[in-house]
Amino acid sequence: VTPPQNKQERFLSRMALNDNKAGMEGLDRDKINKIIMESSKGSKFYENELKREQQVNRRIEKMMLQKAQITEQQLKKAQVQVEKTASVLEMSRDLSRVIVHVDMDAFYAAVEMRDCPELKDKPMAVGSMSMLSTSNYHARKYGVRAAMPGFIAKKLCPNLVIVSTNFDKYRAVSDEIREIFADYDPHFQPMSLDEAYLDFTDHLEQRQSWPESSRLSSFENLPQESALEETDLSPVLFEDSPNSSLGLLGSEGAAGDAFEVFGTSVEEAVREMRFRIEQKTRLTASAGIAPNTMLAKVCSDKNKPNGQYRLPSTREAVMDFIENLPVRKVCGIGKVSEKMLNALSISTCSHLGQQMALLSLLFSETSWHHFMEVSLGLGSTFIPRHEERKSMSTERTFRELSKAEEQFSLCRELCEDLAEDMKKEDLKAKTVTLKLKNVNFEVKTRALTLPYAVATVDEIFAVAKDLLKTEIENESPQPLRLRLMGVRVSAFVSLDDKKPLQKSIIGFLQPGKTESSGSSKDMHQNLEKENHSLQAVKSSTKANDNKNAASDVSENELVSPVEAHASTSGCGGTSSETLTCPVCFRRVETTDLNIFNSHIDHCLNDPTRKPNQSTASDSESDLDLENDHQESEVVHRRRGECEAEGEMSKNSEELSRDSPHEGQQSLKNSSVQKGPLIKGDSKDVTSQQPQSCNSKGPVLICPVCQLTQETDDLTVFNHHVDLCLNQQVLHELGGQTSSSRNPPAVKNINIRGKCVYYMKLFSTFSLNTNPILCTFSLCCMTALETRCEHNVGILSPFK
DNA sequence: ATACATACC
DNA sequence: TACTGGTATGTAT
C-alpha cells in the first residue's frame with residue numbers, strides 16, 4: 001500500500017511487483033522492480049501494458065475532472081443518501097453465521113515439494129519459463145510469485161527450480177481435502193482446487209453436544225468403533241497415517257499432551273479440520289474465520305502459511321479490523337480499482353467509509369454499493385450452492401500464426417476441444433465468441449448469438465469460422481498476426497430432462513391443486529412444437545451458407561415463449577385446466593403459457609383489469625395505472641434491487657428489457673406511496689383500504705408492515721421491505737430468531753432463501769392486485785425459476 | 001446483444 | 001526464446 005515511489009512506477013503499476021500476497025512482506029521492491037523492468041522493457045508485452053496503463057490513467061483523469069465539478073451541495077445531498085443507505089445496511093448486518101475460508105498454502109508448489117523432497121529447501125515455482133502458477137515461500141523472498149513469467153523469475157532468482165504442472169495430481173489432492181470440508185459443511189463452496197468457503201454454523205451447534213470421542217485427538221487416532229457409533233453428521237475419522245508430520249500444529253495445538261482432543265470452539269474445530277488436511281495430504285492449509293465471506297477471505301490470508309485467524313462476531317471487532325485494512329486486500333478490488341481509489345486518497349477501508357458520498361457520485365451504483373458494504377465490513381453470510389455454469393471456453397497461445405489456412409485449422413481444433421467439453425456436461429449454447437490476440441497483445445472478441453443452440457464441432461466451427469473469416473477480411477490484405485486464439489460458448493439452453501422442477505410455479509398458479517409434472521411436460525411439448533416452426537421460419541428466411549448450423553438444429557432446445565408466440569400467434573393450448581392470474585385473480589382456462597402470459601401482460605397494462613373494482617375507495621384515482629410507465633417504473637425499481645443483491649438480475653433484466661425506460665416519473669405517483677397494499681393477515685383483497693394521501697413529505701408505505709417510511713429513497717425503502725419480509729417470515733415460522741434451535745427453518749434467510757420466503761409470504765396473503773405486489777410476486781417466481789433451474793420462462797412474455 | 005475491461009485463482 | 005487459461009462480471013455502447 002506504499003504509494004508509487006517514482007514516475008516510472010506511477011506509470012507502470014501494471015508491471016511492477018505485486019507484493020499483495022502472503023510471504024512477500026519486506027522485500028526490496030525497488031530492486032525487484034528494476035529487474036522486472038529491465039527484463040520487460042521494449043517487449044511487445046511491455047508496450048501493450050504501457051498502453052493499457054495510459055488508458056487507466058485517462059480514466060482516472062476523467063474521474064478527477066468529474067470530481068472537480070462536484071458542488072458542495074451535491075456532496076451534501078449525496079452524503080444524506082449515503083448515510084441512509086448505510087443505516088439500512090447496518091440493520092441488515094448478520095453476525096450470527098460463522099463463515100470459514102480455507103486456502104491451501106502455495107498449493108501446487110507444496111504438492112510438488114511433498115512429492116520431491118529434493119525441492120524442499122530450494123526456491124521453486126510451478127509453471128514454465130513463460131508463466132508461473134505459483135511459487136513456494138522460499139522463492140517469494142526473491143519476489144517470485146504467481147502470474148510472473150518464468151524467465152523473469154529466473155532473473156530475480158537464478159537458482160529457481162521450475163516444475164511443470166501436474167493438474168491430475170492437484171485434482172486428486174483437491175478431492176481429498178474436499179472430503180474433509182464436507183464433514184464440516186456439506187454445502188461448502190469450492191472456489192478453485194485449493195480453496196473453499198464453508199459455513200461452520202451448523203457444525204458448531206452440533207459439535208457442542210458431541211462427546212469428546214467424536215472430536216479428533218491431535219495425537220491419537222481413535223478406534224474406528226467410536227467413529228461408527230456416531231451419526232452420519234459426525235466427522236469421519238481419518239485413517240492411520242504414521243508418517244504424517246506430528247507437532248506441526250504444536251504452537252497452537254496441544255504440544256506435549258498426547259491425549260488432548262480438539263475442543264468445541266470454532267477455532268478448535270477449524271484447527272481440527274486443518275490438522276486432518278495435513279494428516280491426509282501432508283500439506284498445510286490456512287483459514288480465516290469471520291461472520292461473512294468477505295471478511296473470512298481476508299482473514300485466511302492473515303496468518304498464512306499454516307495458520308488461522310478468527311475475527312470475533314461483534315460489530316466492534318469487525319469495524320476495528322476494517323479500519324486499517326488496505327482496500328486491495330478485499331476480494332473484487334484489483335489493480336485498477338485500487339489505483340482509482342488511491343487517486344482519491346483512499347487506501348484503506350475506513351477511507352472508503354469516509355468518502356462514500358464522493359464515491360457514490362463518481363462510481364456506478366454497483367461499485368459504490370460494494371464499496372459501502374466493504375467499508376461496513378459486510379459480506380455474504382451464506383454459501384450459495386454452486387451456480388450453473390454460464391460459459392465454457394478454450395484458448396491457446398502460440399508463436400505467431402499468420403496464415404489464414406493455419407488459423408482456420410487451429411480454430412477448428414479449438415472447436416473440437418470445446419465440443420468435447422460441452423458433451424461432458426450435455427450443454428448446448430446459442431452464443432459463440434471468438435477471441436483473438438495479435439502479436440502486439442491486442443485482444444479482440446467477436447460474438448454471434450444464434451436463434452438456435454449449437455453443440456457439435458461442426459455447428460460451433462461453422463460460427464467461429466465465419467467470425468474468423470470476417471476478421472481476416474477486415475484486415476486484408478495484411479494477415480492477422482495472431483499469438484492467441486480462443487473460442488467460447490455461452491447462453492446455454494437447458495436440456496429438457498435436466499429441468500423437472502418447473503412444476504412448483506404452475507402449482508403456485510393453480511391454487512388448491514398440487515402441481516403435476518405432466519402439465520410441465522405438456523408445456524415443454526407445446527414450446528417445442530412452436531420452436532420447430534420458429535426454426536423453420538428462421539432457417540428459410542436466412543440465406544445461410546452455414547449448412548451445419550442451420551440445418552442440423554436440435555429438437556431439444558427451448559425458445560422463449562415470446563419468440564415462439566410471435567411466430568405462431570394462433571397456436572393454442574388444448575388442456576381445459578385453469579391457471580389463476582396473479583393480477584386479476586380470474587381463472588384462465590388454459591395451461592398454454594403463451595396464452596396465459598398474454599393474459600397477464602394484458603392485465604398488467606390494463607387498469608380496469610383489477611378485481612373488486614367496486615371496492616376501490618375514494619383514492620382509487622390515485623392508484624392510477626393508466627399508462628405503461630407505472631408498471632415499468634415499478635419493474636425498474638425492483639430491478640435495481642435485484643441487481644444490488646446479486647440475485648434474479650438476469651430474469652429481472654428480462655422483465656424490464658423492453659419496458660419504456662423514459663417513464664422515470666417520481667415515485668410519488670406510484671401506488672406504494674398511497675396506501676397499504678397488503679392487509680397483513682388477510683386474504684381478502686376487499687379489505688384493502690387505500691388511504692387518501694395528502695402528505696407532502698417523502699413518505700412511502702411499506703406493503704408488509706404498513707408503517708409509514710419517511711423516505712423517498714428507493715434503496716432505503718426496499719431494504720426496509722426486505723427486512724420486514726424477513727421478520728414476517730420469522731414470525732410465520734414461529735417467532736424463531738436466527739440463533740434458533742431449529743436452524744434448517746430459518747438459516748436460509750438470505751438473498752436466495754429470502755426469495756423463497758417471499759413466495760411463502762405471498763401465498764399466505766394471497767396475491768394482491770396492486771402492481772407493486774404483483775411485481776414482488778413475479779420476482780418471487782423469477783427467483784424460484786432460477787432456483788429450480790428450469791427454463792420454461794413464464795416470465796418471458798414480459799420481455 | 002456486443003465489445004472490451006477488470007478480477008479471481 | 002519466453003508474459004497463461006478458464007470463468008464471471010462490470011462498463012460502455
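- A donor-acceptor contact under 3.5 angstrom links the side chains of Asn166(A) and Glu112(A), judged on distance only.
- Side-chain contact annotation: Ser367(A) with Ser364(A), donor-acceptor N/O pair under 3.5 Å present.
- In terms of phosphate contacts, Ser130(A) brings no side-chain nitrogen or oxygen within less than 4.0 Å of OP1 or OP2 of dC3(C).
- At the heavy-atom level, Ile152(A) lies under 4.0 Å from base atoms of the strands shown.
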In 5'-to-3' order, the base (B), backbone-only (S) or no-contact (-) status of each nucleotide in nucleotides 3-9 of chain B, using a 4.0 angstrom heavy-atom cut-off, is SBSSSSS
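- In this structure, Glu47(A) places its CD atom 14 Å from P of dC3(C), rounding to the nearest Å.
- Comparing Ser367(A) and Glu395(A) by the nucleotide of DNA chain C that holds the closest heavy atom to each, the one mapping nearer the 5' end is Glu395(A).
- The gap from the P atom of dC8(B) to that of dC3(C) amounts to 23 Å, rounded to the nearest Å.
- Between Ser391(A) and dA8(C), a side-chain N or O to OP1/OP2 separation shorter than 4.0 Å is present.
- Counting any heavy atom pair closer than 4.0 Å across all strands shown, Thr394(A) reaches sugar-phosphate atoms only and no base atom.
- Under the side-chain hydrogen bond (donor to acceptor under 3.5 Å, both in side chains) criterion, Arg396(A) pairs with Glu413(A), Asp417(A), sequence neighbours left out.
- Taking atom CZ on Phe151(A) and atom P on dA2(C), their separation rounds to 7 Å, with Å as the unit.
- Heavy atoms of Met104(A) sit nowhere under 4.0 angstrom from any nucleic acid atom.
- dG6(C) atom P lies 14 Å from atom CE of Met131(A), rounded to whole Å.
- Contact between the side-chain N/O atoms of Arg396(A) and the OP1/OP2 oxygens of dT4(C) is not found at any separation under 4.0 Å.
- dG6(C) atom C1' lies 14 Å from atom CG of Asp417(A), rounded to whole Å.
- Atom CZ in Arg171(A) sits roughly 13 Å away from atom C1' in dG5(C) (whole-Å rounding).
- Atom OH in Tyr170(A) sits roughly 16 Å away from atom P in dG5(C) (whole-Å rounding).
- OP1 or OP2 of dT4(C) sits under 4.0 Å from a side-chain N or O of Arg483(A).
- Residue Ser364(A) has a polar side-chain atom (N or O) positioned under 4.0 Å from OP1 or OP2 of dT11(C).
- dA2(C) sits 28 Å from dA7(B) when the P atoms are compared, rounded to a whole Å.
- Judged by closest nucleotide on DNA chain C, Ser43(A) is the one of Lys390(A) and Ser43(A) placed further toward the 5' end.
- A salt bridge is defined here as a Lys NZ or Arg NE, NH1 or NH2 lying under 4.0 Å from an Asp or Glu carboxylate O, and Lys51(A) with Glu442(A) meets this definition.
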Does Cys411(A) form a side-chain contact (heavy atoms from CB on, under 4.5 Å) with Met485(A)? I'd like the steps, not just the answer.
CA-CA 7 Å; Cys411(A) 180; Met485(A) 190 186 296; 3.6 Å; yes
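- Looking at heavy-atom distances under 4.0 Å, Met392(A) makes contact with sugar-phosphate atoms alone, never a base.
- With Ser174(A) as the fixed residue, the side-chain hydrogen bond (donor to acceptor under 3.5 Å, both in side chains) test singles out one of Arg171(A), Arg178(A), Glu176(A): Arg178(A).
- The existence of a salt bridge linking Arg412(A) and Glu416(A) is confirmed by a sub-4.0 Å separation between a basic side-chain nitrogen and an acidic carboxylate oxygen.
- The CH2 atom of Trp368(A) sits 13 Å away from the P atom of dT11(C) (whole-angstrom rounding).
- Within the 4.0 angstrom heavy-atom criterion, base atoms lie near Ser40(A).
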Practice task
For side-chain contact (heavy atoms from CB on, under 4.5 Å), just list the numbers for His187(A) and Phe382(A), CA-CA rounded to whole Å, side-chain angles, deciding distance to a tenth of an Å, and then say yes or no.
Solution key: CA-CA 10 Å; His187(A) 308 300; Phe382(A) 115 109; over 6 Å; no
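- A straight line from NZ of Lys430(A) to P of dT2(B) spans 11 Å, rounded to a whole angstrom.
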